[in-house]
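Written below as structure tokens is the structure these notes are about.
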Number of protein chains: 2
Amino acid sequence: MNQSGYITDKLSKLGYRLTPQRMMILSVIENSDNHISAEEIHTQIVAKYPNVNISTVYRTLELLKRLSLVTEINLGGGQVRYHPANKGHHHHLICQECGTIIDLDESALAPLKDTLLREYKFIADLRHLAIFGRCVNCQR
Amino acid sequence: MNQSGYITDKLSKLGYRLTPQRMMILSVIENSDNHISAEEIHTQIVAKYPNVNISTVYRTLELLKRLSLVTEINLGGGQVRYHPANKGHHHHLICQECGTIIDLDESALAPLKDTLLREYKFIADLRHLAIFGRCVNCQR
DNA sequence: ATTCTAGTTGAAACTAATTGCGATTACAAA
DNA sequence: TTTGTAATCGCAATTAGTTTCAACTAGAAT
Ligand SMILES: [Mn+2]
Ligand SMILES: [Mn+2]
Ligand SMILES: [Zn+2]
Ligand SMILES: [Zn+2]
């Protein structure tokens with residue numbers, strides 16, 4: 001059961017318990033290519049260990065968020081979705097008309113981040129943003 | 001019952017029915033100084049007309065959003081909150097440590113909006129944003 | 001190996017918001 | 001004024017996520 005990985009090591013070093021539930025959740029998140037939801041994480045785990053509760057998934061995601069080990073995003077599908085934070089920062093432009101998602105490099109928000117710091121002394125947490133609007137094909 | 005106002009007139013002109021429920025909801029929104037939640041709108045209405053259902057409030061807010069007559073915002077309090085759109089566009093910086101909210105003029109996001117339009121031909125809907133982070137007092 | 005206990009979990013209750021459906025009604029047309 | 005009907009409403013069920021609390025356990029100490 002004692003599988004290792006970046007997030008697992010980090011949790012251990014910070015003094016959090018490595019429960020079987022946490023290890024499974026971490027494994028699912030780290031092995032997922034794209035944004036994954038709490039429900040999807042739970043479904044994958046329950047296939048092998050049917051007694052793991054969904055609230056444990058939510059609580060673990062809450063912890064990982066607080067420790068900046070995952071980033072969350074609301075792409076508009078009714079559920080919040082998650083990324084391992086160490087897979088690189090970026091953002092998404094979402095067309096409200098056709099649903100197209102355009103990926104956006106972190107650097108696109110750097111000028112805004114700088115302005116907020118300079119003019120308001122505010123350190124903005126802009127690690128994984130969903131910006132809604134209209135793509136080039138959907139402008140009348 | 002036939003009270004008038006900017007939003008009321010707009011709805012009428014677009015062919016939507018002016019039901020008593022809608023008029024009451026519009027009146028509460030237009031007479032509210034700050035961001036108001038669906039629950040708060042409902043509470044105010046129920047005080048006078050106890051049989052108005054909360055789902056009607058949600059549905060009306062959905063309609064007003066779609067018509068750009070109100071803007072919504074998630075300030076982190078667990079409920080979405082609403083503004084009449086014609087009371088001016090602006091944004092909010094929210095400190096995740098102490099909860100302080102700094103108001104931000106619309107113009108602060110103009111450079112980002114321009115960049116997205118120029119480089120991605122994407123028309124970003126940035127009318128009422130909540131940006132989370134740390135205020136000047138809460139930076140260690 | 002056994003004990004201890006604060007951290008963690010499962011289960012059930014709860015909250016904010018959405019949806020399906022049958023009943024009601026605003027308002028246009030007769 | 002009355003009628004007809006698509007839009008809207010109330011109500012109940014559903015969904016995503018949070019919270020409470022008693023029971024359990026990872027891992028440190030003995
Ligand atoms: Mn992403
Ligand atoms: Mn505002
Ligand atoms: Zn589009
Ligand atoms: Zn602060």
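Numbers restart at 1 for each chain; the letters A, B, ... are given by sequence-line order, proteins then strands. Keep in mind that the numbers below use all heavy atoms, side chains included, and drop hydrogens, waters and symmetry copies.
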- Message: Tell me the interatomic distance from B:His42, atom NE2, to C:dA17, atom P, rounded to whole angstroms.
- Response: 13 Å
- Checking A:Arg66, A:Arg59, A:Lys65 against A:Glu62 for salt bridge (Lys or Arg N to Asp or Glu O under 4.0 Å), the one that qualifies is A:Lys65
- Query: For C:dT9, does either OP1 or OP2 sit under 4.0 Å from a side-chain N or O belonging to A:Thr56?
  - Reply: no
- Query: Which comes earlier along DNA chain D counting from the 5' end, the contact point of B:Arg17 or that of B:Val52, where each point is its nearest nucleotide?
  - Reply: B:Arg17
- Message: Rounded to whole Å, how long is the line connecting atom CG of B:Leu64 with atom C1' of D:dT8?
- Response: 14 Å
- Item | Short side-chain N/O contact to C:dT9 OP1/OP2 from A:Thr19, under 4.0 Å | yes
- Test of ring centre spacing under 6.0 Å for A:His90 and A:His128: yes
- Please determine, by modelled atom types, if A:Ser68 and A:Arg127 share a side-chain donor-acceptor pair under 3.5 angstrom. yes
- Protein-nucleotide distance (A:Leu11, atom CG; C:dT8, atom P), rounded to Å: 9 Å
- With respect to the phosphate group of C:dA11, does any side-chain polar atom (N or O) of A:Asn53 fall under 4.0 Å of OP1 or OP2? yes
- Task: For the pair B:His35 and B:His83, name the ring-plane relationship: parallel under 30°, tilted 30 to 60°, perpendicular over 60°.
- Result: parallel
- Message: Using 0.5 Å steps for rounding, measure from the CD1 atom of A:Ile101 to the CG atom of A:Leu75.
- Response: 5.0 Å
- Query: Can you tell me how far C1' of D:dG10 sits from OH of B:Tyr49, to the nearest Å?
  - Reply: 18 Å
- From CD of B:Glu40 across to P of C:dA16 the rounded distance in Å is 11 Å
- Task: Give the rounded distance in Å between these two atoms: CZ of B:Arg66 and P of C:dT18.
- Result: 12 Å
- Rounded to the nearest angstrom, tell me the gap between atom CE in A:Met23 and atom P in C:dT8. 14 Å
- Does a side-chain N or O from A:Gln21 land closer than 4.0 Å to OP1 or OP2 of C:dG10, or not? yes
- Task: Return the value, rounded to whole Å, for the distance between atom CG of A:Asn51 and atom C1' of C:dT8.
- Result: 14 Å
- Message: Check whether B:Ser32 reaches the backbone of B:Val28 with its side chain - one donor and one acceptor, N or O, closer than 3.5 Å.
- Response: no
Table of protein N/O atoms under 3.5 Å from nucleotides 17-21 of chain D N/O atoms:
unit_1	atom_1	unit_2	atom_2	d
D:dG17	OP1	A:Val80	N	2.8
D:dG17	OP2	A:Tyr58	OH	2.8
D:dT20	O4	A:Arg59	NH1	3.1

- Query: Other than B:Tyr58, what residues sit in its cluster of Ile, Leu, Val, Met, Phe, Trp and Tyr side chains whose heavy atoms are under 4.5 Å apart, directly or through others?
  - Reply: B:Ile54
